[in-house]
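Structure first, commentary second.
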Amino acid sequence: MELLLLSNSATHGQPFLAHALDALRDVLTGVEEVVFVPYALADHDGYTATVRSALEPLGVRVTGAHSAAPALESAQAIFVGGGNTFRLVKTLHDSGELAVIRSRVRGGTPYIGSSAGTNLAGPTLRTSNDMPIVHPPSFETLGLVPFQLNPHYLDPDPTSTHQGETREKRITEFLEENDVPVLGIREGTWLRLHDDRLVLGGLPAGARLFRRGVAPTEIATGTDLSELLTVTPRFDVHP
């Protein structure tokens, strides 16, 4: 499979997707048209237009999956945008397009995800940061990688007086009930899967890897994470 899983599309001080343009160029080599899946936001036309403009420097056409119903079945590349993961997953389950995307990507069609689209690449949406604004029929997602993802990962602020849950606490609670690694990828970073090799790319911010029963570990940008492709996820497993 060819995967590019971005933590985010918008980076402070840069145009939409500009921080990842070289990585996008790499995964879209030889691609003339990208089918964009805008379902995580309500304004499908506006979202597609934003992505079309952002990818214009790469010389690729962008077609919205919502405007050409069978487009995913013949897509040269698929890009699933960010927004609300619950809305995205519900729409794809209801339309039957989740299975179409899974089949195409496992068959070699390049897949780009950002934020919610990156959540979609894991086995379930259970480590999304989003509010459940809709009720999908299942938490099942694409399962392109066997571990869970947490885009936009935020570290605890040691100077804050906030007494609520941190992202680390929420992921720790997830691991109390499930036995599957969770990779928190910070803003400006991404995962690239090419030739069965999974590497963390992007800004030097790196990532944080959580596993059940052990302390979280820091992952430097540039690290080969191919070992994570061999894990077997186990859900609803109590201690």
Side-chain angles (χ1 to χ4, degrees), residues 1-11 14-122 125 128 130 133-134 136 140-145 149 151 190-194 201:
M1 292 185 294
E2 292 284 337
L3 306 180
L4 176 62
L5 306 177
L6 306 170
S7 177
N8 55 294
S9 298
T11 296
Q14 297 191 50
F16 194 80
L17 289 174
H19 70 289
L21 210 56
D22 287 343
L24 288 161
R25 181 179 288 108
D26 174 57
V27 76
L28 294 175
T29 298
V31 172
E32 297 179 351
E33 183 176 20
V34 175
V35 174
F36 179 64
V37 179
Y39 304 150
L41 293 187
D43 181 3
H44 297 167
D45 288 338
Y47 199 4
T48 302
T50 297
V51 172
R52 182 177 294 121
S53 176
L55 296 186
E56 189 173 353
L58 303 184
V60 296
R61 300 188 305 276
V62 176
T63 299
H66 66 293
S67 61
L72 287 168
E73 297 178 1
S74 58
Q76 289 183 291
I78 297 169
F79 184 174
V80 182
N84 187 278
T85 307
F86 289 86
R87 175 159 51 192
L88 171 65
V89 171
K90 183 181 190 311
T91 305
L92 290 173
H93 272 289
D94 291 349
S95 67
E97 291 171 305
L98 188 74
V100 175
I101 295 173
R102 182 187 292 118
S103 175
R104 294 304 314 283
V105 177
R106 288 182 176 173
T109 301
Y111 177 92
I112 301 164
S114 180
S115 188
T118 290
N119 280 327
L120 194 72
L125 60 66
S128 166
D130 300 325
I133 62 172
V134 294
E140 177 189 353
T141 47
L142 292 172
L144 302 176
V145 295
L149 293 142
W190 55 76
L191 290 172
R192 179 74 169 97
L193 176 62
H194 174 67

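No experiment lies behind these values; they were computed from the predicted model shown. Keep in mind that the numbers below use all heavy atoms, side chains included, and drop hydrogens, waters and symmetry copies.
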For T48 and H66: C-alpha separation, side-chain torsions, deciding distance, then whether side-chain contact (heavy atoms from CB on, under 4.5 Å) applies. CA-CA 9 Å; T48 302; H66 66 293; 3.3 Å; yes
Side chains of residues 50-61: which donor-acceptor pairs under 3.5 Å do they make with residues two or more places apart or in other chains?
from : atom 1 : to  : atom 2 : distance (Å)
T50  : OG1    : G46 : O      : 3.1
R52  : NE     : V62 : O      : 3.1
R52  : NH2    : V62 : O      : 2.9

Nearest 0.5 Å, please: how far is OG in S95 from CD1 in I101? 7.5 Å
Quick one: does any side-chain atom of R104 pair with a main-chain N or O of Q76 as donor and acceptor, under 3.5 Å? no
Determine the minimum heavy-atom distance between L41 and G83, stating which atoms define it. CD2-CA, 3.8 Å
Look up atom CG in L5 and atom OH in Y111, then write down how far apart they are to the nearest 0.5 Å. 7.0 Å
Can you check whether V37 reaches L72 side chain to side chain, under 4.5 Å on heavy atoms? yes
Side chain to side chain contact (heavy atoms under 4.5 Å, CB included) with A40: which residues, sequence neighbours excluded? L88, A116
Note: S128 and F86 closest approach over all heavy atoms is OG-CE1, 4.5 Å
If you take all heavy atoms of A65 and P38, which pair is closest and at what distance? N-CD, 4.4 Å
Is L142 close to L98 at the side-chain level, that is, under 4.5 Å between some pair of heavy atoms? yes
Spacing of CG belonging to D130 relative to CG belonging to N84, to within rounding of 0.5 Å: 4.5 Å
Could you tabulate the donor-acceptor pairs under 3.5 Å formed by side-chain atoms of residues 15-23, not counting sequence neighbours?
from : atom 1 : to  : atom 2 : distance (Å)
H19  : ND1    : T11 : OG1    : 3.2
H19  : NE2    : N8  : O      : 3.3
D22  : OD1    : R25 : NH1    : 2.9

Can you confirm whether R87 sits close enough to Y39 that some side-chain heavy atom of one is under 4.5 Å from a side-chain heavy atom of the other? no
Has S114 got a side-chain atom pairing as donor or acceptor with G82's backbone, closer than 3.5 angstrom? no
Roughly how far, to the nearest 0.5 Å, is CG of L125 from CG of N119? 7.5 Å
Interatomic distance, E2 atom CD to L193 atom CG [nearest 0.5 angstrom]: 7.0 Å
Tell me the closest heavy-atom pair linking V35 and A71, and the distance in Å. CG2-O, 3.8 Å
Does the T118 side chain pair with the main chain of G113, one donor and one acceptor, at a distance under 3.5 Å? yes
Can any side-chain N or O of T29 pair as donor or acceptor with the backbone N or O of D26 at less than 3.5 Å? yes
Between the CG atom in L6 and the CZ atom in R192, the distance rounded to the nearest 0.5 Å is 10.5 Å
